[in-house]
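All remarks here apply to the structure that follows.
Below, chain A is the first sequence line, B the second, and so on; all start at residue 1. Quick caveat: nothing in here was measured; it's all calculated off a predicted structure.
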There are 2 protein chains.
Amino acid sequence: MTLDFYKKNKKILLAVDCIIFGFNKEELEILLIQRDFEPEKGKWSLMGGFVEENESPGDAAQRVLKSLTGLDHIYMEQFAVFGNPNREPMEHVVSLCYFALINTEILSTDYKARWFKLDKCPPLIFDHNEMVHEAHNKLKKKAALYPILFELLSDKFTIPQITLLYEAVYQNQLDKRNFTRKLLGSKLLIKLDEKDKENSKKGAYYYKVDKSVYKEKIITFLNFLPGWYEE
Amino acid sequence: MTLDFYKKNKKILLAVDCIIFGFNKEELEILLIQRDFEPEKGKWSLMGGFVEENESPGDAAQRVLKSLTGLDHIYMEQFAVFGNPNREPMEHVVSLCYFALINTEILSTDYKARWFKLDKCPPLIFDHNEMVHEAHNKLKKKAALYPILFELLSDKFTIPQITLLYEAVYQNQLDKRNFTRKLLGSKLLIKLDEKDKENSKKGAYYYKVDKSVYKEKIITFLNFLPGWYEE
DNA sequence: ACAAAAGTGTTGCTCATACACCCATGT
DNA sequence: ACATGGGTGTATGAGCAACACTTTTGT
């Protein structure tokens with residue numbers, strides 16, 4: 001074999017597709033776009049794009065995320081590959097799937113995308129519904145061990161808000177009292193002086209994430225949800 | 001945009017690289033090949049190949065694994081993407097990384113590959129050393145929650161053998177007494193009548209995996225190694 | 001008899017769950 | 001005053017780490 005080894009026609013289309021999660025204070029949502037080109041024009045779809053010659057797939061995914069949300073440095077993780085030769089009708093496209101977590105509030109809304117509640121997701125093109133389902137599963141597994149869900153919240157937040165977030169992600173009731181204790185025990189939160197008085201009479205203190213601890217914990221097991229099993 | 005959208009020259013080379021783990025009764029090993037073509041001819045490398053037009057990346061990885069080991073239906077998992085534009089000198093190649101677990105004993109040895117102890121891995125081409133390192137990390141995380149390491153053992157095995165395996169993977173001493181209890185408590189093992197008398201005077205009973213429980217547990221958390229933290 | 005490895009019993013501790021209860025405040 | 005949601009205290013039990021101890025058998 002020679003250098004021609006590389007020249008044979010083995011190149012294929014490589015795409016990235018992004019499952020963008022957001023949290024609207026009550027439910028987990030994903031950001032979808034309406035396709036404005038064929039095939040499947042007009043149908044809802046994940047945001048995606050092709051990996052260019054001179055970028056890495058991770059860069060491609062960040063580029064796609066930025067083009068849709070205007071945001072940089074989004075938390076993002078590659079979690080699956082969809083590559084059946086017939087998954088798209090026109091040609092064999094291998095897709096690298098990324099899930100991303102963004103704080104909805106920062107998002108400027110002049111882009112032609114719409115938030116959908118995860119459990120009211122419309123039919124999507126190709127195998128995108130399956131991707132969404134796998135992304136949610138992966139998110140649940142990851143977030144049970146790593147405190148990544150804070151990426152979905154603003155800089156300051158209350159403990160009831162975090163609890164609602166976990167309940168939305170796991171579609172499960174939590175004992176708010178015990179969960180509060182676990183959160184505080186994690187040493188991940190810094191209590192602020194301010195209180196949120198909108199959602200209760202007593203008011204709930206705002207907290208922020210201790211970034212130094214977070215950086216540590218995000219690469220270490222934490223196990224926020226013991227006793228939670230997948231599927 | 002039209003169908004020409006797909007026609008633009010966005011195709012790139014997509015490869016799969018396989019980190020093949022084996023266990024020689026004492027240490028964790030990986031299977032490497034000596035490259036017989038340029039570039040980097042003669043240097044050690046992971047086994048890899050390009051994804052063809054009409055196959056999925058998973059199929060490509062199984063094809064690569066079979067071509068090197070002669071084995072079908074190998075346990076395998078995609079765990080990373082390496083795709084920096086300059087990771088290979090000739091051209092941009094995006095590589096999907098799979099780790100695989102095989103039982104060394106089944107392996108016919110007439111293939112031009114060699115087992116290396118994980119901690120005595122030679123310098124490899126490109127970013128392959130980094131891939132091996134990430135594969136090992138991923139294996140540790142996964143195996144702490146799922147009983148996948150049995151894929152590395154023969155159909156029957158003793159508890160001391162499993163313990164050695166876990167010690168090799170985590171490069172850590174285990175309390176054999178407590179670990180024994182945990183293994184038996186998992187209900188994953190079926191005790192056989194036969195004993196292995198070669199490694200001790202008393203002899204250790206052989207066990208086999210209860211496949212029905214295994215199928216269940218392999219998709220559910222088990223937490224074989226609580227208190228083990230990554231890195 | 002003794003060494004050496006397999007495997008069991010027991011204890012103390014941590015931590016998750018369950019739930020009673022107090023706290024702060026708007027109406 | 002009382003309803004409402006925020007938050008703390010405390011008892012129970014499961015499971016893990018530590019380690020003493022028994023079991024089996026080749027020499």
Side-chain angles (χ1 to χ4, degrees), chain A residues 25-26 140 143-145 147 153 156-168 170 172-208 217 220-230, chain B residues 25-26 143-145 147 153 156-168 170 172-208 217 220-229:
Chain A
K25 305 270 184 207
E26 288 191 1
K140 286 191 283 187
L145 298 172
L153 297 171
K156 60 180 190 183
F157 44 79
T158 66
I159 289 189
Q161 279 167 17
I162 311 175
T163 310
L164 282 174
L165 169 55
Y166 274 82
E167 289 182 330
Y170 292 95
N172 219 324
Q173 291 293 108
L174 289 172
D175 184 311
K176 300 175 204 311
R177 299 163 293 188
N178 288 331
F179 196 66
T180 301
R181 221 191 323 263
K182 182 170 291 194
L183 286 167
L184 296 174
S186 75
K187 304 294 179 201
L188 214 64
L189 302 184
I190 298 173
K191 194 179 198 164
L192 304 180
D193 286 334
E194 200 182 349
K195 267 190 172 182
D196 165 34
K197 309 274 290 184
E198 292 196 4
N199 297 294
S200 74
K201 293 163 186 167
K202 180 174 179 182
Y205 279 107
Y206 280 108
Y207 289 82
K208 64 176 183 179
K217 298 248 178 184
T220 238
F221 286 174
L222 223 174
N223 211 354
F224 261 103
L225 293 165
W228 176 83
Y229 300 106
E230 65 174 307
Chain B
K25 304 265 183 213
E26 287 192 358
L145 299 171
L153 296 171
K156 60 181 192 185
F157 45 77
T158 66
I159 288 189
Q161 279 166 18
I162 311 175
T163 310
L164 283 173
L165 169 56
Y166 274 81
E167 289 183 330
Y170 292 94
N172 219 326
Q173 290 293 107
L174 290 172
D175 184 310
K176 300 175 204 314
R177 299 162 292 183
N178 289 330
F179 196 66
T180 301
R181 217 191 327 262
K182 181 171 291 194
L183 285 167
L184 295 176
S186 75
K187 305 293 179 198
L188 213 66
L189 303 184
I190 297 173
K191 193 178 199 166
L192 305 179
D193 286 334
E194 199 182 351
K195 266 189 173 183
D196 164 36
K197 310 275 290 184
E198 292 197 0
N199 297 292
S200 75
K201 290 162 188 168
K202 183 177 177 182
Y205 279 106
Y206 280 109
Y207 288 82
K208 65 177 182 180
K217 298 249 178 185
T220 239
F221 286 176
L222 222 173
N223 210 353
F224 258 105
L225 292 165
W228 176 83
Y229 300 104

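- Donor-acceptor pairing under 3.5 Å, judged by distance alone, is absent between the side chain of B:R177 and the base of C:dA5.
- With rounding to whole Å, B:E198 atom CD is found 13 Å from C:dA6 atom P.
- We find that CG of B:L184 is positioned 14 Å from P of D:dC16, with the value rounded to whole Å.
- One interatomic measurement links the two molecules: NZ of A:K176 to P of C:dT17, which rounds to 15 Å at whole-angstrom precision.
- Under the rule for a salt bridge (charged side-chain N to carboxylate O under 4.0 Å, His left out), B:K187 has no partner lying at least two apart in sequence or in another chain.
- When the ring pair (Phe, Tyr, Trp, His ring centres under 6.0 Å) test is applied to A:F157, the partners found at least two apart in sequence or on another chain are A:F150.
- Taking the side-chain hydrogen bond (donor to acceptor under 3.5 Å, both in side chains) definition, one finds that A:E26 meets it with nothing, sequence neighbours left out.
- Listed by first and then second residue, the salt bridge (Lys or Arg N to Asp or Glu O under 4.0 Å) pairs that reach into residues 195-208 of chain A come to none, sequence neighbours excluded.
- Partners of A:K176 by salt bridge (charged side-chain N to carboxylate O under 4.0 Å, His left out), not counting sequence neighbours, listed by chain and number: A:E167.
- Note on the helix from C:dA1-D:dT27 to C:dT27-D:dA1: angle between the axes of the first and last five pairs equals 20°, rounded to 10 degrees.
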Distances for protein N/O vs nucleotides 23-26 of chain C N/O pairs under 3.5 angstrom?
unit_1, atom_1, unit_2, atom_2, d
C:dC23, O2, A:K202, NZ, 3.1
C:dT25, O4', A:K201, O, 3.4
C:dG26, OP1, A:K197, NZ, 3.2

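- A straight line from CG of A:L183 to C1' of D:dG7 spans 13 Å, rounded to a whole angstrom.
- Residues forming a side-chain hydrogen bond (donor to acceptor under 3.5 Å, both in side chains) with A:K191 (at least two apart in sequence, or on another chain): none.
- Summarising the geometry, atom CD1 belonging to A:I162 is positioned 5.0 Å from atom CG belonging to A:L189; distances are rounded to the nearest 0.5 Å.
- Taking the salt bridge (charged side-chain N to carboxylate O under 4.0 Å, His left out) definition, one finds that A:R177 meets it with A:D175, sequence neighbours left out.
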